[in-house]
Amino acid sequence: MTGPSMPLAAVDPVAQGDHRLKEPPGPPPQQKGHRTQHDEADGGEDQKAGEGVGGRGHSVTRVMSDYNFAYLDEQTKRMIRRALLKALAVPGYQVPFASREMPMPYGWGTGGVQVTAACLVPEDRLKVIDQGADDTTNAVSIRRFFERTAGVATTGHTEAATLIQTRHRIPETPLTEGQILVYQVPIPEPLRFLEPRETETRKMHELEEYGLMYVKLYEDIARHGEIATAYAYPVKVAGRYVMDPSPIPKFDNPKLGGCAAIQLFGAGREARIYALPPWTEVVSLDFEDHPFVASKADHSCALCGAGNSYLDEVITDDRGSRMFVCSDTDFCAGRQAAGKAGSEGPKEGA
Amino acid sequence: MIMIENLSKAFTLHNQGGVRIPVMAGAALRVSPGECLGLTGQSGAGKSTLMRMVYGNYLADGGRILVGDTDVAAADPREIVALRRATLGYVSQFLRVVPRVPTLEVVAEPLLRLGVAGVEARARAADLLARLNIPERLWSLSPTTFSGGEQQRVNIARGFAHPYPALLLDEPTASLDARNREVVLALIEEAKVRGAAILGIFHDEPARARVCDRLVDVTGFTPGLAA
Amino acid sequence: MMGAADLNIPVRMKEQPLLSVRDLGKRYGQRIGCRGVSFDLYPGEVLGIVGESGSGKSTLLSCLAGQQRPDEGRILFDGTDVLALSEAARRRLLRGDWAYVHQNPRDGLRMGVSAGGNVGERLMAVGARNYGVIRETAIDWLGRVEIAAERIDDRPSAFSGGMQQRLQIARNLVTGPRLVFMDEPTGGLDVSVQARLLDLLRGLVRDLGLSAIIVTHDLAVVRLLADRLMVMKSGHVVETGLTDQVLDDPQHGYTQLLVSSVLQV
């Protein structure tokens with residue numbers, strides 16, 4: 001994403017109105033101005049793209065009673081739940097479902113939103129993150145969408161959430177039993193780029209013909225000297241299906257396996273749902289002599305000093321100054337609240 | 001080693017009104033190991049036809065053609081392929097090779113097909129080419145570009161690369177100069193000494209007299225001419 | 001002088017057929033694709049199938065290679081009934097013991113994948129997981145088909161037609177198949193390039209002991225490559241035999257016509 005380097009008022013939660021975050025707010029908005037590490041193919045999102053679905057700049061979110069709970073009608077939710085149950089029963093297998101038109105464009109998380117809608121109950125506490133942040137347009141929009149259509153409580157705290165919808169990240173804080181993580185997926189088929197025929201890729205999954213997946217990794221090494229795939233890194237699930245983990249950085253891949261929470265993946269445009277039940281074995285594909293490495297930028301967070309979290313590179317002024325900060329805003333804020341500080345500390349952020 | 005009994009052959013020309021032309025009837029002969037038998041008879045009498053039938057190139061209509069234990073007149077194609085590979089050699093008048101393949105490989109190929117190691121096969125091929133006075137600078141070139149006499153010598157080298165127990169020679173000394181003719185006759189004599197049974201056509205009468213132990217006039221096997 | 005006994009000549013006569021085909025038939029509605037085709041192919045044997053366009057030779061090849069399901073008949077490969085195999089087993093055959101060389105290399109190659117990736121795919125499909133070994137094997141095979149090792153990371157789209165065809169052959173042979181199907185392997189290539197490819201195929205067939213079925217309309221190609229010939233007309237096999245015998249002493253009227261129609265050079 002390119003754009004002016006000035007801080008963007010549009011992503012300032014205060015400027016956008018109250019989003020009912022009662023917890024300490026995330027890092028100052030300036031730090032989220034530019035992201036240089038992930039520009040995903042599903043794009044379409046621009047943090048300046050205006051107000052989200054539900055946003056009209058009201059100071060108080062009003063629950064809409066004209067719609068069914070969580071927007072979708074009960075029949076649709078049942079249909080999606082059946083797909084989810086099947087997906088959980090066959091980990092990593094892409095279950096087709098009758099994806100609905102949602103009041104947002106494809107690429108904004110229509111698949112994830114439908115899955116979330118089908119899972120939500122009034123008692124839930126929802127967290128929505130986009131590339132780790134709670135305060136980007138996409139996250140704010142979706143959170144507000146469910147605030148208004150389902151009236152559920154929301155939170156920025158990973159530990160406090162019962163359901164987390166995410167785009168492109170897994171929270172740094174380990175998830176626990178009882179939590180659900182819903183991924184927004186642009187292209188569910190990991191074999192798509194090498195084999196364009198859906199009939200053929202389905203057959204390949206059926207017969208476990210995954211040689212082609214390794215051709216992709218081979219090409220990476222041949223071209224770049226290492227497996228250069230940095231996100232959407234393919235995994236094998238429970239020794240059976242090869243799965244696209246959505247465009248999360250490969251740094252997050254190790255968190256997919258042996259996870260206590262339920263992980264659900266929704267692809268709205270392609271009408272596919274897949275899932276990882278708790279404690280599923282998930283292995284990132286690699287070669288014996290080029291093993292998988294969960295890499296990240298070789299820095300620690302400038303704000304909280306964390307050395308083991310995934311970092312975003314942020315341009316801070318017109319002269320190209322930059323710093324590395326946690327992509328997970330809740331994780332970073334929690335560490336700062338606990339008195340941890342990085343090289344930049346709070347002095348410049350204000 | 002080679003035994004022919006009551007062999008008959010006719011060509012049927014389906015595209016010319018189904019005309020049937022009998023070309024051979026009652027042919028019989030026998031060649032023992034170490035013996036060279038010369039076929040004689042005027043041009044068109046069927047010398048080459050008989051030779052081709054022994055090689056399996058022409059189909060027999062009746063009779064038997066025993067080469068070793070194989071009846072060529074009744075054998076499966078793959079039995080004939082195996083026979084040609086190991087037992088029955090053929091030096092024809094024409095060289096038929098894949099263009100571009102170097103001469104050394106062309107000559108070594110019969111050995112390579114038998115599973116002989118490349119180094120050994122090429123050494124044997126080099127020996128023969130040198131003996132037949134093919135200059136070494138030509139060995140890496142395809143013989144398709146060679147003169148008629150050179151092609152003939154490459155063909156002979158190829159035919160003698162493997163010590164076949166039975167050998168068919170169709171005009172092996174035609175278009176050769178005296179020096180190379182002598183080499184070829186020596187090769188034939190050596191083959192006889194090692195026990196090869198040879199069936200040959202020689203228009204070159206002194207050559208025929210030198211290497212052939214017996215002669216058979218095929219005119220007697222030719223319907224219409226025999227009478 | 002060497003004696004025949006010193007050469008350790010393999011005895012092939014007692015072997016079982018690698019491929020055994022009985023009464024194979026395929027119809028397209030009322031029209032016959034091919035019918036009543038029976039033959040045995042033995043290890044190391046090369047069978048040529050010739051005939052003009054529409055003779056059924058391509059239908060037969062696609063039925064044999066598992067691309068189409070025949071309506072009748074049996075195909076045994078190494079004693080296994082191929083038509084009774086599950087799709088998984090059939091596809092395993094297609095990337096293991098069998099290989100298929102397409103007339104158009106674009107149909108048999110992944111044009112967006114490097115030469116090395118193309119050759120390596122079958123290896124990875126059968127479980128190779130060591131990049132270094134895969135690459136070494138790919139370089140070895142590129143060498144065998146006379147493609148320079150430094151082209152390993154180039155895509156086939158940067159190759160000439162002859163190179164693409166050689167790459168397709170390497171890609172197919174890398175897993176050591178026992179049976180190779182070839183559909184007009186020299187079609188669409190310049191004559192000089194054809195010769196080089198023919199020489200290469202001959203050498204590979206000889207050195208690897210491959211069995212092959214080659215469909216072509218080019219009689220010169222089968223004369224140089226095939227041990228045996230099957231002549232097809234209107235879906236039926238009209239003549240079979242040793243290649244040079246069928247070409248030099250054709251018995252069936254159609255074969256006589258076919259052979260006499262070839263321009264002599």
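Values in this document were obtained by computation on a predicted structure and should not be read as measured data. So that the names make sense, note that chain A is the first sequence line, chain B the second, and so on, each numbered from 1.
The most heavy-atom pairs under 4.5 Å with chain A, out of C/A125, C/S114, C/A88, come from C/S114. Of the residues considered (C/G120, C/A128, C/G116, C/G132), C/G116 shows the highest number of contacts with chain A, using heavy-atom pairs under 4.5 Å.
C/D153 and A/A222 get closest at one heavy-atom pair: OD1-CB, 3.5 Å. Closest of all the heavy-atom pairs between C/M124 and A/V215 is SD-N, 3.6 Å. Contact record, C/G117 with A/E219: CA-OE2, 3.6 Å, taken as the closest heavy-atom pair.
Between the CD1 atom in C/I134 and the OH atom in A/Y214 there is a gap of 9.5 Å [rounded to 0.5 Å]. Distance check, rounded to the nearest 0.5 Å: NE2 of A/H290 to CZ of C/R129 gives 14.5 Å. Atom CZ in C/R135 sits 11.0 Å away from atom CZ in A/F287 (nearest 0.5 Å).
Using cut-offs of 30° and 60° for the angle between ring planes, the A/Y218 and C/Y131 rings count as tilted.
Heavy-atom contacts from other residues, nucleotides or ligands closer than 6.0 Å to CZ of A/R322 number 12 or fewer. Within a 6.0 Å radius of CZ in A/R78, other residues, nucleotides and ligands contribute 12 heavy atoms or fewer.
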Between C/R92 and A/E209, is the salt bridge (Lys or Arg N to Asp or Glu O under 4.0 Å) condition met? List the steps. CA-CA 9 Å; C/R92 210 173 301 128; A/E209 290 180 0; over 6 Å; no

Evaluate the side chain to side chain contact (heavy atoms under 4.5 Å, CB included) criterion for residues A/E195 and C/R110: first the C-alpha distance (whole Å), next the side-chain angles of each, then the deciding distance (0.1 Å), finally the verdict. CA-CA 9 Å; A/E195 177 51 71; C/R110 290 192 191 277; 3.7 Å; yes

Given salt bridge (Lys or Arg N to Asp or Glu O under 4.0 Å), test C/R91 with A/E200 step by step and report yes or no. CA-CA 12 Å; C/R91 286 172 70 116; A/E200 184 64 17; 2.8 Å; yes

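For A/L217, no part lies near chain C; criterion is any non-hydrogen pair under 4.5 Å. For C/R95, the part sitting under 4.5 Å from any heavy atom of chain A is the side chain, from C-beta outward, and nothing else.
For C/N130 (side chain) and A/E288 (main-chain N/O), no donor-acceptor pair under 3.5 Å exists by modelled atom type.
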